[in-house]
Amino acid sequence: MKMDTHSGISVQIMEILKEIAQDRLVIMVTHNPELAGRYSTRIIRLLDGRVTDDSMPFEEAPRAQEARAKAQKRPSMSFRTALSLSLNNLMTKKGRTLMVALAGSIGIIGIALILSLSTGLQAYIDGVEENTLGAYPLSITSETIDAGNLLTSMMGAGGGEDDAPREADRVYTSTIMYDMINAMLSEITTNNLEAFKAYMDADSRFAENTTSIQYGYGVTLNLYNMEGVNGVTQVNPSTVMENMTGTSMYADMTSAQSGSAFASMASASGMGMGAGGMNVWRELPGGEAVMETQYEVLGGRLPAAYDEAVLIVGRNNQISDMTLYALGLKDQRELPSLLQKVMRGETLETEETSFSFDELLSLRFRLLLPAQCYEPDGQGGWVDKSQDEAFLAALLEDAPEIRIVGIVRPVEDALVTTGEYGMIGYTAALTEYAVEQTAQCAIVQQQLASPQTDVFTGLPFALDDEGDYTLEMLPEDRQAYLSIFSEAELDALMQTYAAQGVSDATYAQNLARLGVADLDKPASISLYPRDFEAKDALVALIAEYNQAAMDEGREGDVINYTDYVGLMMSSVSTIINAITYVLIAFVAISLVVSSIMIGIITYISVLERTKEIGILRSIGASKRDISRVFNAETLIIGFCAGLLGILVTWVLTFPANVVVDRLTGIARAAILPGAGAAILVAISMALTLVAGLIPSRIAARKDPVVALRTE
C-alpha cells in the first residue's frame with residue numbers, strides 16, 4: 001500500500017492507518033520529516049530521482065553490487081523520441097515552420113541554380129568535345145610543335161623595343177621575322193614513332209581503349225579521273241585552288257604526306273589543304289567492324305579491298321561543290337571567271353544539282369605512284385615526266401583502278417569521322433599497297449642501294465655537319481679503290497670531289513619525294529578514343545611509356561604531343577568553374593544569414609516551451625535529452641529547407657532551359673545533379689544544427705523548478 005501524506009493529515013488518521021497496515025508493507029511518500037520519523041521503520045530520502053540517504057541500507061555482496069551497477073543504466077530519451085516531440089511541436093505551428101523553411105531555402109536555391117547551370121554547361125562542353133573526338137583524335141607526328149609555348153614565344157618575338165640610344169633622324173628595324181622563325185624551330189620536337197608503334201603493338205591496352213588506331217606514312221596518292229568533264233583530271237592532290245588562281249598558292253607542307261610539325265598543326269586546325277588545293281580523299285579509320293558502327297550505308301556497300309572506296313555524304317545526303325570540282329565532275333576551268341565576278345562585286349547564279357546513286361557508284365579513278373613518274377635520262381640520272389601528258393596517258397592505261405563501291409553517311413553519334421562531308425574514303429589497305437608497290441620501282445631500289453648519291457642528279461649528297469666531304473660519302477667500290485692512297489692524297493682528292501659539286505637535296509628528302517615509306521616507321525599515329533575515360537587512359541598509357549623511357553635513359557624516345565581539343569575545352573571549363581566558385585561564394589552569404597535566423601527562431605521556441613522543459617526535467621529527462629529535443633527540431637527545419645530549395649530549383653530549371661535554348665541554342669543548359677542536391681540538403685541540415693546549438697544549450701541549462709513555475 002502506498003500513501004502520499006502531507007503535513008495537514010491528523011495524527012489520529014495516521015494511527016488508524018498504522019493499525020490497518022500491521023501485517024502489510026506500506027510505503028509512505030511525504031515531505032514532512034517529523035511524520036516519517038515517527039511512523040516509518042525505514043526512511044529513504046530522494047533528491048532529483050537519486051537516493052541521498054537510507055536508514056536501513058541493504059547490504060549485498062561486492063560482486064552483486066558491481067553486477068547490479070552495470071545492469072542499471074541511467075534512463076535516456078532516444079533520438080527517435082526527440083524527433084517525435086520536435087515534429088509534433090512543429091506541426092502545431094505549420095505556418096511558421098513553412099516560412100522558416102522557405103527563408104532557409106533561399107541560399108540553397110541560389111547555390112543549386114548556379115550548380116545546375118555549371119553542370120549543364122559542362123555537359124554541353126563535354127558533348128562538344130565528344131563530338132570532336134572523331135575529327136580531332138590524339139595525334140602524334142614524327143615532328144611536333146608545342147603550340148602553347150610557340151604562341152607565347154611568337155607573341156613576344158621581336159615585339160619589344162630595346163633601350164639602346166638611337167639617332168632621332170633615322171629609322172631602325174627589329175627582327176620580328178627572325179625571332180618568329182627561331183621560336184618556331186625551337187619548339188619543334190622529334191618523336192621516335194618506330195619505337196612507340198612497337199610498344200603499342202605489344203600492349204593490348206591501346207587497342208582496348210580505342211575504336212581505331214590509324215597510321216600515316218606520308219604516302220602521296222596521285223589519282224586521276226579518266227572521264228572527267230575536261231577529260232583526264234587529277235583529283236588527288238587536288239588542283240582546284242591552283243586552277244582558280246592560276247598558280248600554286250599552297251605549299252605541300254600541309255598535305256598528308258609531309259608528316260611534319262607543320263602538318264600536325266594544320267590537321268589539328270581542321271585544314272585539309274594539300275599541294276594546290278583542298279584534298280577530298282581521306283583514309284578511313286579502322287577496319288570494317290569499326291566502319292559498320294560509324295557509318296550508315298545508303299547505297300552499295302563498305303569497301304573491302306585496297307581498290308575500293310566510298311563517298312561520304314552529309315546529313316541531308318549532300319556533298320559540296322568543292323567536291324564536284326575536285327573529282328572532275330564540274331569544269332575547273334570556269335573557276336577563274338567565277339573568282340573575277342566575285343571580285344567585281346557581281347552575284348553568282350547558283351543552281352542545285354543532284355546525282356543518282358548509280359551515277360556516283362560508277363565513278364572510277366586510276367592510281368599513279370610518285371616513283372612511277374620518273375624514267376632514266378640515259379646519263380645515270382632520272383627525269384620527272386609527271387608533266388608529260390603522253391607519258392602519263394600511257395601509264396594510266398595500265399594503272400590500277402580505284403572504284404567507288406558505296407555511299408555512306410556518318411551515324412548520329414559517330415566518334416570516328418573524316419571531319420567533313422563530301423569526302424572519298426579509302427581503306428588502309430590502299431596505303432599499304434602503295435608502300436609495297438613503291439618499294440618495287442627501279443628508281444627507289446637504286447636510291448636505297450646508293451644512300452650516298454642523289455639518283456636524280458648523280459651527285460653525292462650534301463657535306464657533313466662540319467662542311468667537309470668525306471670518304472664515307474662515296475660508294476663502297478670507290479672507298480675500296482681509294483683506300484690505298486695516303487691521308488694527304490685523300491684530302492686533296494676529297495676537295496676535288498667537293499669542287500665538282502654536291503646535291504642540294506638529302507637522302508631523306510629523296511625518299512619522301514619518291515613516296516618511300518616503312519610500315520614499321522609511321523610518320524603519324526592517330527588514336528581514336530572510345531570515350532572520355534578511354535581518352536584519359538590513353539594519356540596515362542603515353543605518360544607511362546614516357547616514364548619508362550626516362551627511367552631507361554632513352555630520352556630520345558619520349559613522345560611529345562598536343563591535345564588541341566582538350567587544351568581548348570579545358571580552358572573553357574576552367575573559366576566556367578572560376579565563375580561558378582565566385583557566384584557560390586556570394587550566394588553562400590545568404591546561407592549564413594538564414595542560419596542566424598533559424599538560430600533566433602529556435603531560441604524563440606525555447607522561450608515558448610519553457611514549461612514543457614520543466615515537465616520533461618521533472619519526469620527524469622536529463623540536460624542532454626533537452627538538448628537533443630531542440631537539436632532534432634533544427635535538423636527537421638534544415639531538412640525541410642534543403643528539400644524545399646531543391647524542389648524549387650528543379651522546377652526553375654525548366655523555364656531556365658527554355659530561355660537559354662532560345663537565346664543561345666544550348667539545350668538543357670541547367671541540369672541539377674543528384675549528388676549535388678543531396679549534398680546541399682546535408683549542408684542545410686548541418687548549418688541549422690550548428691545554428692541551434694546555442695539555443696539548445698540554453699534550454700538544457702534551465703532550472704526545472706523555475707521552468708515549472710513559468711506561465
Side-chain angles (χ1 to χ4, degrees), residues 83 86-87 89-91 93-123 573-608 627 630-660 663-664 666 668-699:
L83 280 175
S86 300
L87 184 60
N89 177 69
L90 293 174
M91 293 301 294
K93 306 167 185 176
K94 298 183 182 66
R96 189 176 76 178
T97 302
L98 180 61
M99 294 301 295
V100 173
L102 181 60
S105 67
I106 294 176
I108 298 296
I109 293 173
I111 294 179
L113 281 175
I114 295 172
L115 187 61
S116 299
L117 289 173
S118 175
T119 303
L121 292 177
Q122 187 61 51
S573 299
T574 301
I575 295 174
I576 292 177
N577 291 336
I579 296 175
T580 300
Y581 298 149
V582 172
L583 292 177
I584 289 178
F586 280 109
V587 176
I589 298 176
S590 62
L591 280 178
V592 177
V593 174
S594 62
S595 299
I596 295 175
M597 179 202 65
I598 291 174
I600 296 174
I601 297 298
T602 305
Y603 179 69
I604 294 174
S605 179
V606 170
L607 297 179
E608 293 175 345
S627 295
F630 287 95
N631 288 336
E633 182 173 325
T634 56
L635 279 177
I636 294 174
I637 294 176
F639 175 77
C640 294
L643 185 61
L644 183 61
I646 295 302
L647 291 176
V648 172
T649 303
W650 179 74
V651 173
L652 291 177
T653 56
F654 293 98
N657 284 330
V658 173
V659 173
V660 175
L663 293 177
T664 64
I666 301 176
R668 298 196 67 194
I671 302 175
L672 181 62
I679 292 175
L680 286 177
V681 173
I683 291 175
S684 176
M685 296 175 65
L687 289 176
T688 53
L689 177 62
V690 173
L693 288 178
I694 295 178
S696 65
R697 291 179 64 85
I698 294 175

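What you see is a predicted model; the values in this text were computed from it and never measured.
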CG on L635 to CG on L689, rounded to 0.5 Å
5.0 Å
How close do P695 and A691 get, heavy atom to heavy atom, and via which atoms?
CD-O, 3.6 Å
Distance from L121 atom CG to S116 atom OG, nearest 0.5 Å?
10.5 Å
From CG (L687) to CD1 (I637), nearest 0.5 Å
13.5 Å
Residue set satisfying side chain to side chain contact (heavy atoms under 4.5 Å, CB included) with I679, at least two apart, ordered chain then number -> I683
What's the shortest heavy-atom distance between A669 and V660, and which atoms?
CB-CG1, 3.4 Å
Using the test side chain to side chain contact (heavy atoms under 4.5 Å, CB included), find all partners of T580 that sit at least two apart in sequence or belong to another chain.
I114, S118, I576, I584
Which pairs with one or both residues in residues 682-699 pass side chain to side chain donor-acceptor pair (under 3.5 Å), sequence neighbours excluded?
N631-S696
What distance do L117 atom CG and I579 atom CD1 have between them, rounded to the nearest 0.5 Å?
11.0 Å
How close do V606 and A699 get, heavy atom to heavy atom, and via which atoms?
CG1-CB, 3.6 Å
Residues in side chain to side chain contact (heavy atoms under 4.5 Å, CB included) contact with L647, at least two apart in sequence or another chain:
L643
Measure the CD1-CG distance between I646 and L680 for me, rounded to the nearest 0.5 Å.
5.0 Å
Would you list the pairs meeting salt bridge (Lys or Arg N to Asp or Glu O under 4.0 Å) in which at least one residue belongs to residues 630-648, sequence neighbours left out?
R609-E633
Could you pull out every donor-acceptor pair under 3.5 Å between side chains of residues 95-113 and any protein atom, sequence neighbours left out?
residue	atom	partner	partner atom	Å
R96	NH1	E608	OE1	3.4
R96	NH1	E608	OE2	3.1
R96	NH2	E608	OE1	3.3
T97	OG1	L90	O	3.2
T97	OG1	K93	O	2.8
S105	OG	A101	O	3.4
S105	OG	L102	O	2.7

Using a 4.5 Å cut-off on heavy atoms from C-beta on, say whether the side chain of L115 contacts that of P673.
yes
Do M91 and L87 have side-chain heavy atoms sitting under 4.5 Å apart?
yes
In short, A670 meets N657 closest at the heavy-atom pair N-OD1, 2.7 Å
Nearest non-hydrogen partners of F630 and S605, listed with the distance:
CE2-OG, 4.1 Å
